[in-house]
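Computation of the quantities below employed the complete heavy-atom set of this structure, encompassing side-chain atoms and omitting hydrogens, waters and symmetry-equivalent molecules. Residue numbers begin at 1 in each chain, while the letters A, B, ... track the order of the sequences.
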Amino acid sequence: MRTDRSKKVVLAMSGGVDSSVSAWLLKQQGYSVLGVTYRLHDLADKAVADASAVCRQLGIPHVVLDLRKRFERDVLEPFTAGYLQGRTPNPCVVCNPVLKFQVLLEQAERWSADHIAMGHYARVVRHPETQLPAIARSPAGQKDQSYFLYRLTRAQLERLIFPVSGLMKDEVRQLAREAGLFVSGSFPVAETPDSQDICFIDTDYAHFLNEYAATHPKWQQPFARLSEPGVVIGTDGQEIGRHQGLLHYTPGQRKGFETRSIDRLYVVGRDASANTLVVGDRDKVATDTFTIEDVVFSGLDSVNPDRRLDCRIRNTATATPGRVNRMPDGRYRVTLERKVHAPAPGQSAVFYDGDIIAFGGVISDMT
RNA sequence: UGGGGUGUCGCCAAGCGGUAAGGCACGGGACUUUGACUCCCGCAUGCGUAGGUUCAAAUCCUGCCACCCCAG
């Protein structure tokens, strides 16, 4: 007799603590679990081996999907193109809805499962006003990952389960210990390090982009240009130092260039045509207004200019209250109650109604 | 080779006789599923060079070297 669809779930597994404990929890709750591990790039071998070991231990089926082609097309290409346009892209924000969660949905269809699951620290709730499904912040505070999930589609949200959503990170590690989970090489799951930085880069992004460009002829020329050293100027236009190639800088950055100033200086802007880097004092890169585009609504399906919401322009920072106003061209103008440090075109601004994500968009302009 | 000025870490730069501040860069950590920011730690046995004065000199004196400016 076939398992009831409503008790079947497809879970993405990375071999880390969060997804491994998620698998264990789902099984405890009586779900029939299918573990899925993605091969997104060539750094994925360990994840595949580790996830496989956990699945074997839990006695759940495990499939490995080679998504390298899709990942390159849907994540790497836009990421690379974004840097070329002088933006500061956030690959995770794209990868989640377009690839990771979408593939789970596809796999759930194939496996006749009603649910998909991820080991993220976030909750899925319904907004009390609209009854729309939306991501909400995790009670785990510091570890909350809701910011990276604001672009998930309604279809993805409707089926989504976050098994560790009510837990703190150390509680998850404790469960891993109690469950006696091990990854490959008999290394305890509880001791695996937290993931951090871009998953497909093991050096730094500038290094990665140059190598990527080297193997993709169409990118070679433009990236060579972005790697040419040039002049650093102050906001008054005076030359005060040298930079090592505009590719290495993003708004608000303080490091990586040399000046003959005795002050701490931050990247204010880049002039690609003149190959100059403009730097200034910290207050020069703080702003309380900017524009977002490509907006995705979640908990709310529209927004009133009077509505006060909490804005996050990066995952880690505390939120800043503010309002948004729809412009004739479909973009939204953001006005915050306090200045924030260096919002960058290409980065995302996510608006929360309390703990629930109302909507979010991509920063397009600093004005 | 007449006059004036300057030489302290890769870059700025304090110090002005009492035993080398600070900022940037750089290296290492913390933080971080994006870029950044932030926070810790490290970083000149030596102050252009050779002597001298002094209990004690980057700080005073002298020679030399280098660079800059003015006057040729």
Side-chain angles (χ1 to χ4, degrees), chain A residues 12 14-19 38 40-41 43-44 47 75-76 78-80 82-83 85-97 99-101 118-122 138 140-151 164 169 192-209 229 232 234 238-244 246-268 270 277 279-287 312-318 339-350 360 362-363:
Chain A
S14 65
V17 221
D18 304 327
S19 60
Y38 313 126
L40 300 178
H41 43 72
L43 301 177
V75 180
L76 288 188
F79 177 72
T80 307
Y83 267 107
Q85 292 158 22
R87 308 186 117 206
T88 306
N90 182 338
C92 300
V93 152
V94 174
C95 184
N96 283 326
L99 215 63
K100 289 185 173 174
F101 287 73
M118 279 275 190
H120 284 83
Y121 287 89
S138 157
Q142 295 278 25
K143 300 304 293 182
D144 172 62
Q145 295 166 314
S146 60
Y147 174 86
F148 297 101
L149 304 173
Y150 83 96
R151 298 189 79 85
V164 300
K169 185 79 185 192
T192 56
D194 291 8
S195 64
Q196 54 189 247
D197 300 328
I198 302 180
C199 73
F200 55 91
I201 294 179
D202 55 1
T203 51
D204 61 273
Y205 75 90
H207 197 258
F208 170 84
L209 286 172
V232 175
Q238 288 292 304
E239 174 175 340
I240 55 173
R242 304 278 306 166
H243 74 251
Q244 49 179 314
L246 293 183
L247 180 60
H248 295 87
Y249 310 98
T250 191
Q253 185 170 330
R254 197 192 104 208
K255 293 170 164 295
F257 54 89
E258 196 164 277
T259 70
R260 49 185 193 70
S261 166
I262 61 168
D263 300 315
R264 285 190 165 180
L265 296 171
Y266 299 80
V267 173
V268 174
R270 295 171 285 193
L277 185 71
V279 301
D281 296 327
R282 197 169 208 278
D283 61 302
K284 289 281 197 314
V285 294
T287 181
R312 282 193 168 74
I313 58 162
R314 50 178 66 84
N315 182 229
T316 47
T318 53
K339 291 190 172 189
V340 288
H341 178 76
Q347 293 284 293
S348 287
V350 181
V362 179
I363 298 169

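Taking atom C1' on both B/U19 and B/C11, the two are 27 Å apart, rounded to the nearest angstrom. Annotation: B/A21 and B/U62 have their P atoms spaced 29 Å apart (nearest Å). For the P atoms, the distance from B/G17 to B/G46 is 24 Å, rounded to whole Å. A distance of about 13 Å separates the C1' atoms of B/C9 and B/G23, rounded to the whole Å. Taking atom P in both B/A71 and B/U59, one finds a spacing of 33 Å when rounded to whole Å. For B/C43 and B/A25, the C1' atoms lie 11 Å apart once the distance is rounded to whole Å. When the C1' atom is compared between B/U8 and B/G4, the two are found 22 Å apart, to the nearest whole Å. Nucleotides B/G18 and B/A57 are separated by 12 Å at their P atoms, to the nearest Å.
Judged purely by atom type and a 3.5 angstrom limit, A/Asp204 uses its side chain to pair as donor or acceptor with the backbone of A/Ala206. For A/Asn96 (side chain) and A/Cys92 (main-chain N/O), a donor-acceptor pair under 3.5 Å exists by modelled atom type. Put simply, the side chain of A/Gln347 never gets that close to the backbone of A/Ile363: no donor and acceptor are under 3.5 Å apart. When atom types are taken as modelled, the side chain of A/Tyr38 and the backbone of A/Ser14 share no donor-acceptor pair closer than 3.5 angstrom.
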Donor-acceptor contacts, no H, no angles, side chain residues 251-258 of chain A, under 3.5 Å, sequence neighbours left out:
from: A/Gln253; atom 1: OE1; to: A/Thr250; atom 2: N; distance (Å): 3.1
from: A/Gln253; atom 1: NE2; to: A/His248; atom 2: O; distance (Å): 3.1
from: A/Gln253; atom 1: NE2; to: A/Lys255; atom 2: O; distance (Å): 3.0

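The two residues A/His341 and A/Ile313 have their closest heavy-atom pair at O-CD1, 3.7 Å. The minimum heavy-atom distance between A/Val362 and A/Arg87, with the atom names listed, is CG1-NH1, 4.1 Å.
Using N1 to N3 plus N6-O4 or O6-N4 for Watson-Crick, or N1-O2 and O6-N3 for G-U wobble, each under 3.5 Å, B/U53 pairs with nothing. Under the Watson-Crick or G-U wobble criterion, with both distances below 3.5 Å, B/C31 has no partner in any strand shown. The nucleotide B/G7 finds its pairing partner in B/C65, both defining distances of the Watson-Crick or G-U wobble pair being shorter than 3.5 Å. With a cut-off of 3.5 Å on both Watson-Crick or G-U wobble distances, the partner of B/C37 is given as none. If you check B/C47 for Watson-Crick or wobble pairing at under 3.5 angstrom, you find it has no partner at all.
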- Assign a letter to each nucleotide of nucleotides 9-14 of chain B from its 5' end: B, base within under 4.0 Å of a protein heavy atom; S, sugar-phosphate only; -, no contact. -BSB--
- Item | Nucleic acid footprint by protein, nucleotides 34-40 of chain B - heavy-atom cut-off 4.0 Å, B for base, S for sugar-phosphate alone | BBBSSS-
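Heavy atoms of A/Gly346 sit nowhere under 4.0 angstrom from any nucleic acid atom. As judged by a 4.0 angstrom heavy-atom cut-off over every strand, A/Asn96 is placed among the base-contacting residues. Residue A/Lys100 is out of contact with every strand shown, counting any heavy-atom pair closer than 4.0 Å.
Nearest-nucleotide mapping onto RNA chain B: of A/Leu149 and A/Gln244, the residue sitting toward the 5' end is A/Gln244.
With its glycosidic angle within 90° of 0, B/C37 adopts the syn conformation.
Taking the centre of each ring, A/Tyr205 and A/Phe79 stay at or above the 6.0 Å mark.
Looking at A/Lys169 and A/Tyr121, their side chains come closer than 4.5 Å, going by heavy atoms from C-beta outward.
Note on ring orientation: taking the six-membered ring where Trp is involved, the planes of A/Tyr147 and A/Tyr150 are tilted (angle from 30° to 60°).
Atoms NE2 (A/His243) and P (B/C26) sit 14 Å apart, rounded to a whole Å.
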